[in-house]
K.L.:
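Pasting a structure below so you can have a look.
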Amino acid sequence: MRSHGAGTLRADHTDATVTLAGWVSRRRDHGGVAFLDLRDASGTCQVVADPSASAALAAAHEVRPEWVLQIHGTVRRRPEGMENPSLATGEVEVAASSVTVLSPAETPPFPLEGGVEADETLRVRHRYLDLRRETPAHGLRLRAQITSLIRRVMESHGFIDVETPMLTRSTPEGARDFLVPTRAGDGVAYALPQSPQLFKQLLMVAGVERYYQLARCFRDEDLRADRQPEFTQLDVEASFIDEEDLYALFEELFATLWREILDVELATPFPRLSYDEAMRRFGTDKPDTRFGLELVDLAAVFADTEVGVFRGALDAGGVVVAVTLPGGAALTRKQLDDWVDWAKGRRAKGLAWGAVEDGEDGPTLRSPLTKFMSAAEVDALLRATGAGVGDLIFFGAGPATFTRELMGALRVALAQDRGLIGPGSPAEGRWDFLWVTDWPLFEWNPDEARWDPLHHPFTAPREQDLPHLTDDPGAVAARGYDLVLNGTELGGGSIRIHHPGVQQQVFDVLGITPEEAQEKFGFLLRGLAHGAPPHGGIAFGLDRMVMLMAGVASIRDVIAFPKLARGYDPMTDAPARVDDAQLREVGLRRLPPQ
RNA sequence: GGACCUGUGGAGCAGCCUGGAGUGCUCACCUCCCUGUCAAGGAGGAGGUCGCGGGUUCAAAUCCCGUCAGGUCCGCCA
């Protein structure tokens, strides 16, 4: 069928007789001579048809883009000056002796060549065409390279790939489950796994010691640019290890990936930041450290303030936090109002600001709040923030976590707005990996008036905090860790609880009774009682990883067949209505229309 | 569930603010011409429910209300 890949031909193939097969990407027909760019999985090569093979020329006149052809011909060097340096095969061309149409094609519904972005729905509906384009095709190949390397590195450390069930029961990740009713009927259903969490822990009980899997996971939640209802994790669990073993292993894995795929040498070990420090300095548990604009706590500056919103926040146990934007004093009133609106869009009551200007006796603050601030406060503020003339200070005041997260989001939005990150920015080419460590085990849920696990209920508490499980759950630190890259959470995990007793203590804090625990996770608890090794693990979002390495903005670009809003797939038209007979078989009945 | 943005021949856009004939651009498509192009070029041509519904108006792509679809974000989700 084919002797060579179109993209593999080089000057050393000169005079070789070749048979190519592939798609027409472009046709340039001059009447007496016609050029076809023939594309296959290996790349593209120019085919020339001229009157010396009149049947081939006649066929070349007829073909259209995306037709599938087989070409017989001879490789020859292009005439002097006709080389195309932008094509890998640009030194040569194939002189066609015959052109055979294997398959004609309809005109594509959107252009496949050139960088024009077609409508998302159209691209996904005709995904088999979209994947012929360079960017998505590259995404798929890059993904395969990454998974191949992952397997190589994991296996070199003795990890074995074990499959876990797709049809299982609800796992405690907290997201909505996809349910799979079955003809067992009577209101029972499987759930698709949100992650293989419990299975991998049981594999540790089983003595596997080193498990990994490129595991498909399912969560029935709303989509985002970096979130799909089904996604793939590099899922890992190991016995007789601690945090340091994991850090070293994955620093090696990522250094290998970046070296072999991107030709980038990562600095290891990766920096570490405690959760607490991340929240204080960056207002997020996944800090982007490629730029400054760090948060500054102003509690000391405004300890005795008469600024109402600051006073109120501090008296209520909250915080006052600043972000300084260098050169921001030049922002117009309209731009400032836009930032205030941006904050209100995130449920903030407001966003105060102050511009540092040149006064008669040194820098002064131009701000709606100035008249409530003493000269000493302004002075202390400028020292605390390091703001100088021409800079702008944004203030957030309110409950600690909410305010820090707001200002952290502001910090990132400002960086995007000012071109500190993104294409063409100084941050381009930077890969800021960091571990976030020392997470709290629990987080207070004020709506439900209870403690929730910050990670999941199987995360081990730090040994020395065990006594606090009963007297001060909020003070218990978890043996958890997240890996963050350029402000994106790549993955997270923890050392797990391997004592049934500790596990029940944690359930007690979470308000899970022994009966409930038995019902939901009895199989895990029974496992832990049969000689569980100390173990821990981690899971990484493969799609996000590939997305960042490919330099694309959406994980849809690195998934072969992605879904759109509300999990809709316009290609297969899924999810689709199920007929009544099928429903009856699985013991379900349609609700009457509302 | 909410906010914002988008919806105009097959594709990408402009037109909308300030209402007046489906008006324009680039690409694709069809026919013809053309022997060195690589985003080939030239001549001609076809192709429209301006997302949908309602309202205002002498008149709506344009203004108003509703609705649907997509995107981004918030909520949600590690």
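The sequence lines fix the lettering, A, B, ..., with proteins before strands; numbering per chain opens at 1.
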K.L.:
Contact class for A:Arg566 (heavy atom, under 4.0 Å): base, sugar-phosphate, or nothing?
P.N.:
sugar-phosphate
K.L.:
When the C1' atoms of B:G20 and B:G15 are compared, how many Å lie between them, rounded to an integer?
P.N.:
14 Å
K.L.:
Any base atoms under 4.0 Å from A:Leu454, or only sugar-phosphate, or nothing? Heavy atoms, all strands.
P.N.:
base
K.L.:
Would the base of B:G12 count as contacting A:Asp119 through its side chain, where contact means a donor and an acceptor less than 3.5 Å apart?
P.N.:
no
K.L.:
Within the structure, does a side-chain N or O atom of A:Arg78 lie under 4.0 Å from either OP1 or OP2 of B:U37?
P.N.:
no
K.L.:
Indicate, with a heavy-atom threshold strictly under 4.0 Å, whether A:Pro109 touches base, sugar-phosphate, or nothing.
P.N.:
sugar-phosphate
K.L.:
Where each residue is assigned the nucleotide of RNA chain B containing its nearest heavy atom, which of A:Phe231 and A:Asp50 is assigned the position nearer the 5′ end?
P.N.:
A:Asp50
K.L.:
Can you find a donor-acceptor N/O pair under 3.5 angstrom joining the side chain of A:Arg227 to the base of B:C77?
P.N.:
yes
K.L.:
Assign A:Asn84 to base, sugar-phosphate, or nothing according to its heavy-atom contacts below 4.0 angstrom with the strands shown.
P.N.:
base
K.L.:
Taking atom C1' in both B:G71 and B:C34, what distance in whole Å separates the two?
P.N.:
44 Å
K.L.:
Is there a stack between A:His30 and B:G41, judged by ring centres under 5.5 Å and planes under 30°?
P.N.:
no
K.L.:
Using a heavy-atom cut-off of under 4.0 Å over every strand shown, decide if A:Arg39 touches base, sugar-phosphate, or nothing.
P.N.:
nothing
K.L.:
Could you please name the partner base of B:U31, counting Watson-Crick and G-U wobble pairs only when both distances are under 3.5 Å?
P.N.:
B:A43
K.L.:
Below 30° counts as parallel, above 60° as perpendicular, anything between as tilted: where do the rings of A:Phe433 and A:Phe254 land?
P.N.:
tilted
K.L.:
Indicate whether OP1 or OP2 belonging to B:A40 is found under 4.0 Å from a side-chain N or O atom of A:Arg28.
P.N.:
yes
K.L.:
Heavy atoms only, 4.0 Å cut-off, all strands: where does A:Glu106 land among base, sugar-phosphate and nothing?
P.N.:
nothing
K.L.:
Any strand is fair game: report the nucleotide pairing with B:G48 by Watson-Crick or G-U wobble, both distances under 3.5 Å, or none.
P.N.:
none
K.L.:
Going through the checks in order, is the side-chain hydrogen bond (donor to acceptor under 3.5 Å, both in side chains) test met by A:Thr572 and A:Asp569?
P.N.:
CA-CA 6 Å; A:Thr572 62; A:Asp569 173 8; 2.9 Å; yes
K.L.:
Should the side chain of A:Arg64 and the base of B:C30 be counted as holding a donor-acceptor pair, with the cut-off at 3.5 Å?
P.N.:
no
K.L.:
Rounded off to whole Å, could you give me the CD-to-C1' distance for the A:Glu62 and B:C32 pair?
P.N.:
13 Å
K.L.:
Partner lookup for B:C4, please. Criteria are Watson-Crick or G-U wobble with both distances under 3.5 angstrom; report none if nothing qualifies.
P.N.:
B:G71
K.L.:
Measure up the A:Trp439 and A:Tyr275 rings against each other and bin them: parallel (under 30°), tilted (30 to 60°), perpendicular (over 60°).
P.N.:
tilted
K.L.:
Checking only heavy atoms, does the side chain of A:Glu221 share a donor-acceptor pair with the base of B:G75 at less than 3.5 Å?
P.N.:
no
K.L.:
Return whichever of A:Gln46 or A:Arg27 has its heavy-atom-nearest nucleotide of RNA chain B closer to the 5' end.
P.N.:
A:Gln46
K.L.:
Check the angle between the aromatic planes of A:Phe458 and A:His456 and answer parallel, tilted or perpendicular using the 30° and 60° thresholds.
P.N.:
tilted
K.L.:
What does A:Arg176 touch in the nucleic acid at a heavy-atom separation under 4.0 angstrom: a base, only the sugar-phosphate, or nothing?
P.N.:
sugar-phosphate
K.L.:
Which nucleotide, in any strand shown, forms a Watson-Crick or G-U wobble pair with B:C13, with both distances under 3.5 Å?
P.N.:
B:G24
K.L.:
Mind checking if A:Pro108 touches a base, just sugar-phosphate, or nothing, with heavy atoms under 4.0 Å?
P.N.:
nothing
K.L.:
Both distances under 3.5 Å, Watson-Crick or G-U wobble: report the partner of B:G36, or none.
P.N.:
none
K.L.:
Do you see a donor-acceptor pair shorter than 3.5 Å between the side chains of A:Arg496 and A:Ser494?
P.N.:
yes
K.L.:
Rounded to whole Å, how long is the line connecting atom CG of A:Leu57 with atom P of B:U37?
P.N.:
17 Å
K.L.:
Using 30° and 60° as the class limits, which term best fits the ring planes of A:Phe35 and A:His30: parallel, tilted or perpendicular?
P.N.:
perpendicular
K.L.:
Between A:Arg556 and B:U72, does any side-chain N or O lie under 4.0 Å from OP1 or OP2?
P.N.:
yes
K.L.:
Please determine whether the number of non-hydrogen atoms from other residues, nucleotides or ligands lying under 6.0 Å from atom OH of A:Tyr190 exceeds 12.
P.N.:
no
K.L.:
Is the phosphate of B:A40, meaning OP1 or OP2, less than 4.0 Å from a side-chain N or O of A:Arg26?
P.N.:
yes
K.L.:
Please say whether the positively charged group of A:Arg411, taken as NZ for Lys or CZ for Arg, lies over the ring of A:Phe291, i.e. under 6.0 angstrom from the six-membered ring centre and within 45 degrees of the axis.
P.N.:
yes
K.L.:
Look at the side chain of A:Arg125 and the base of B:G10, then say whether one donor and one acceptor between them are separated by less than 3.5 Å.
P.N.:
no
K.L.:
Answer yes or no: does a side-chain N or O of A:Arg346 lie under 4.0 Å from OP1 or OP2 of B:G75?
P.N.:
no
K.L.:
Determine: side-chain N/O of A:Gln194 to OP1/OP2 of B:A78, distance under 4.0 Å, yes or no.
P.N.:
yes
K.L.:
Using the C1' atom as the point on both nucleotides, what is the distance between B:G48 and B:U56, in whole Å?
P.N.:
26 Å
K.L.:
For B:G12 versus B:C29, give the span between their P atoms, rounded off to a whole number of Å.
P.N.:
16 Å
K.L.:
Any donor-acceptor pair under 3.5 Å joining the side chain of A:Arg123 to the base of B:G70?
P.N.:
no
K.L.:
Between P on B:U35 and CD on A:Glu93, what's the gap in Å once rounded to a whole number?
P.N.:
17 Å
